[in-house]
Amino acid sequence: MLKMTSVVALFIELLLDIVGFVTGIVVLKRSFESSIRRAWGMLAVALSLLLLCDNLEWMWLFSQGVERVPLFVDVPMDHLSIWHIVRTVIFFQLFSLFPIASLKPGWMISSRILNMLIPVLLIVCISCCYQFFNGHYTMLGSFAAIWQNIGNTDVIVRLVLFIVSVLTPSINFLLPFLGKWIPFRRRQSRGMYIYMGCFALIMSGYIWLMLGTSGLSFNFFGYFVITPTIYLNILYIRNDNPLSLPPLPIENMNQQEINTIKEIEVSPLILELSDRLQSFMTECTPFVNSQYSMQDLLGDMQTNEHRLSKVLRYNGFSGFRDYISFKRLQYFKEQAVLRKELTVKELMFMSGFTSRSSFYRYFASLENMSPSEFIERIRK
C-alpha cells in the first residue's frame with residue numbers, strides 16, 4: 001500500500017538532522033575527561049548521520065525522473081519491517097543505558113555494554129538469518145494486513161521481534177528505581193525524567209511507524225527521533241552529566257545512604273587515595289583558584305589519571321570538572337554563611353567560579369533556587 005508523504009516535512013527533517021549532527025560534534029568536543037558525555041556525543045553523531053543519509057537517499061529517489069520535486073509523494077509502506085527493527089533496536093538499547101550510567105559513574109565499560117547488547121544482538125542475528133535464508137517475506141502494507149496474515153510464520157517472527165525490541169530497552173529504564181538493590185552514589189535530577197520523556201516520545205514514534213495507518217507516521221518518526229536528540233545534545237553541552245546530581249556530602253547523608261556507599265566494592269588503594277583527596281580538599285581548598293586543573297591535582301596527590309578517575313567515580317563524580325564544580329559550590333555555601341557581608345558576585349569569584357551564567361545555572365540545578373535566593377534565605 002502507498003501512503004502520501006510530505007517532501008517539505010522531509011526536507012525540514014533533513015535540516016534538523018544536520019543540527020543534530022553539529023550539536024553532537026560539539027558535545028564530543030566538550031567531553032574532555034567525561035566518558036558519559038563522550039558516549040552520548042558518539043551516539044548522537046551516529047544517529048544524526050544515519051537519519052541524514054536516510055533522508056538524503058529519499059530526497060534523491062523523489063527527484064528521479066521528474067523536472068521538479070513534488071510537494072507530496074506516495075511511499076510504499078512495509079509494517080513490521082525487519083530493516084527498521086534491526087537498526088532501531090540497537091539505538092534504543094544504547095539509549096536506555098544512559099540513566100543507569102549517569103547514576104553510577106564508570107559503569108559504562110565495554111564489557112558491560114556488550115552484555116547489555118546481547119538481547120539486541122540476538123534480535124539482529126535472528127532477523128538477518130530469517131530475512132536472508134527464509135525465502136518468503138510477506139509485505140504488510142497496512143495495519144489490517146498484519147492480522148490478516150498473522151498465520152504466516154514470517155509475520156509471527158517479525159511481530160515477536162517487534163515486541164521484544166520495545167520491551168528490552170524499556171525494562172532498562174526501571175534500573176534507576178532499584179536503589180534498594182543497586183547501590184548508587186548520585187541522585188536523580190529533573191534531567192533524568194526529561195530524558196525518560198524523550199525516550200517515550202521516540203518509542204511512540206517507532207511504534208507508530210511499525211503499526212501506523214498513514215503516511216504521517218513516515219514523516220513524524222524522524223521528528224520524534226531527531227528533536228529529542230537535539231534537546232538532549234543541548235543538555236549535554238551545558239552539563240557533563242545532566243541526568244543526575246552529585247552525591248550529598250557525607251555529613252548530610254542518612255544511615256541508609258552511608259550503608260549504600262559501604263556496599264560499593266573498591267580496592268584499599270582507591271579508598272586510601274579517596275581519604276587523602278577529601279582531607280586535601282578540606283585543608284587546602286585548591287579549587288578556589290579558577291585556573292586549578294586536573295594536572296595540578298595529579299601533582300598534588302602524586303598519582304596518575306587512571307587512579308584519580310577511579311577515585312572520582314567512587315565518590316560519585318563523572319570527572320574532574322564535575323568534582324571541582326561541586327566543591328566550589330559547597331565552598332560558596334559555607335562562605336555565604338560565614339561571611340554575610342559579601343555579595344553573590346564576590347562569593348562566586350572567591351569560590352573559583354568565573355562565569356556568572358554558568359554558576360547561576362549550576363547552582364539552580366542543584367539547589368532549586370538562585371544564589372540570590374539562597375543568600376536571602378540564610379540572612380533572614
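Computed from heavy atoms alone, side chains included, the values below leave out hydrogens, waters and symmetry copies.
Applying the ring pair (Phe, Tyr, Trp, His ring centres under 6.0 Å) rule to F374 yields the partners F363; only residues at least two apart in sequence or on another chain are considered. Every side-chain hydrogen bond (donor to acceptor under 3.5 Å, both in side chains) that Y292 has, sequence neighbours left out, goes to D300. Residues passing the salt bridge (charged side-chain N to carboxylate O under 4.0 Å, His left out) test with R356, sequence neighbours excluded: none. Among residues two or more places apart in sequence or in another chain, the salt bridge (charged side-chain N to carboxylate O under 4.0 Å, His left out) test is passed with R190 by none. A search for side-chain hydrogen bond (donor to acceptor under 3.5 Å, both in side chains) contacts involving S318 returns N241, not counting sequence neighbours. Here F317 pairs with Y323, F326 under the ring pair (Phe, Tyr, Trp, His ring centres under 6.0 Å) rule; sequence neighbours left out. Residues forming a side-chain hydrogen bond (donor to acceptor under 3.5 Å, both in side chains) with S355 (at least two apart in sequence, or on another chain): S357, S358. In this structure, D275 has no salt bridge (charged side-chain N to carboxylate O under 4.0 Å, His left out) partners at least two apart in sequence or on a different chain. Residues forming a ring pair (Phe, Tyr, Trp, His ring centres under 6.0 Å) with F95 (at least two apart in sequence, or on another chain): W40, F91, Y195, F199. In this view, E346 satisfies the salt bridge (charged side-chain N to carboxylate O under 4.0 Å, His left out) rule with no residue, not counting sequence neighbours.
The structure places OG of S244 at 10.5 Å from CD1 of I100, a figure rounded to the nearest 0.5 Å. We find the CD1-CG distance between I113 and L94 to be 7.0 Å, quoted to the nearest 0.5 Å. In this structure, CG in L297 is found 9.5 Å from CD in Q295, a value given to the nearest 0.5 Å. Residue I171 holds its CD1 atom at 9.5 Å from CD of Q93, rounded to the nearest 0.5 Å. Atom-to-atom distance recorded for Y360:OH and M348:CE is 8.0 Å, nearest 0.5 angstrom. To the nearest 0.5 angstrom, R307 atom CZ is 14.5 Å from L277 atom CG.
N172 approaches S96 most closely through the heavy-atom pair ND2-OG, 2.9 Å. Closest heavy-atom contact between L43 and F98: CD2-CE1, 3.7 Å. V155 and I146 make their closest contact through CG1-O, 4.0 Å (heavy atoms, listed as atom of the first residue, atom of the second, distance). Nearest heavy atoms, P228 versus I202: CG-CG1, 4.0 Å. Closest of all the heavy-atom pairs between T354 and F349 is O-CE2, 3.8 Å.
Counting only residues at least two apart or on different chains, the salt bridge (charged side-chain N to carboxylate O under 4.0 Å, His left out) pairs with a member in residues 360-369 are K333-E367.
Listed for the Q188 side chain is a donor-acceptor partner under 3.5 Å among the backbone atoms of P176. One N or O on the side chain of R186 and one on the backbone of G316 form a donor-acceptor pair closer than 3.5 Å. In this structure, S351 contributes its side chain and F353 its backbone to no donor-acceptor pair below 3.5 Å. Checked by atom type and distance alone, the side chain of T23 pairs as donor or acceptor with a backbone atom of G20 at under 3.5 Å. A distance-only check finds a donor-acceptor pair linking the side chain of S365 to the backbone of Y362 [under 3.5 Å]. Between the side chain of S309 and the backbone N or O of E305 there is at least one donor-acceptor pair closer than 3.5 Å. Of the possible polar contacts, none joining the S274 side chain to the I270 backbone as a donor-acceptor pair under 3.5 Å is found.
Salt bridge present: E272 and R276 bring a charged side-chain N and a carboxylate O closer than 4.0 Å. Between D322 and R37, none of the side-chain N atoms (NZ, or NE/NH1/NH2) sits under 4.0 Å from a carboxylate O, so this pair counts as no salt bridge.
Side-chain atoms of R38 and L28, non-hydrogen and from C-beta on, do get closer than 4.5 Å to each other. Side chains of V225 and Y206 form no contact here, defined as non-hydrogen atoms less than 4.5 Å apart. At least one side-chain heavy atom of V311 sits under 4.5 Å from a side-chain heavy atom of N315. Within the 4.5 Å cutoff, no side-chain heavy atoms of V160 are placed close to those of V157. Two residues are said to be in side-chain contact when any heavy atoms from C-beta on lie closer than 4.5 Å; I226 and S48 meet this criterion. Annotation: side chain of I85 is in contact with side chain of M210 (closest heavy-atom distance under 4.5 Å). With contacts defined as side-chain heavy-atom distances shorter than 4.5 Å, the pair N233/V22 does not qualify. In this structure the side chain of D296 reaches within 4.5 angstrom of the side chain of S293, judged on heavy atoms.
When the side chains of ILVMFWY residues are joined at heavy-atom separations under 4.5 Å, either directly or via intervening members, L366 and V337 end up in a single hydrophobic cluster. In the hydrophobic cluster analysis, where Ile, Leu, Val, Met, Phe, Trp and Tyr join through side-chain heavy atoms closer than 4.5 angstrom, L269 is grouped apart from L298. A chain of hydrophobic side-chain contacts below 4.5 Å, direct or via other Ile, Leu, Val, Met, Phe, Trp or Tyr residues, connects L167 to F92. A single hydrophobic cluster is seen to contain both L347 and M369, as judged by linkage of ILVMFWY side chains at heavy-atom distances under 4.5 Å, directly or through other members. Connection of L50 to V45 is not established within any shared hydrophobic cluster, with ILVMFWY side chains joined at heavy-atom distances below 4.5 Å, either directly or through further cluster members.
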* Take L271 and Y314 through the test side chain to side chain contact (heavy atoms under 4.5 Å, CB included) and record every step on the way to the result. => CA-CA 9 Å; L271 278 176; Y314 168 70; 3.3 Å; yes

* Where do T168 and V89 land on the side chain to side chain contact (heavy atoms under 4.5 Å, CB included) test, with the steps shown first? -> CA-CA 9 Å; T168 302; V89 72; 5.8 Å; no

* **Working for side chain to side chain contact (heavy atoms under 4.5 Å, CB included), residues L159 and I150** => CA-CA 9 Å; L159 187 59; I150 196 64; 3.7 Å; yes

* To do: Before giving the answer on side chain to side chain contact (heavy atoms under 4.5 Å, CB included), spell out for M294 and L308 the whole-Å C-alpha distance, their side-chain angles and the decisive distance to 0.1 Å.
  => CA-CA 9 Å; M294 187 171 190; L308 182 61; 4.0 Å; yes

What donor-acceptor contacts under 3.5 angstrom involve side-chain atoms of residues 280-291, with partners at least two apart or in another chain?
from, atom 1, to, atom 2, distance (Å)
T282, OG1, Q278, O, 2.9
N289, OD1, Q291, N, 3.0

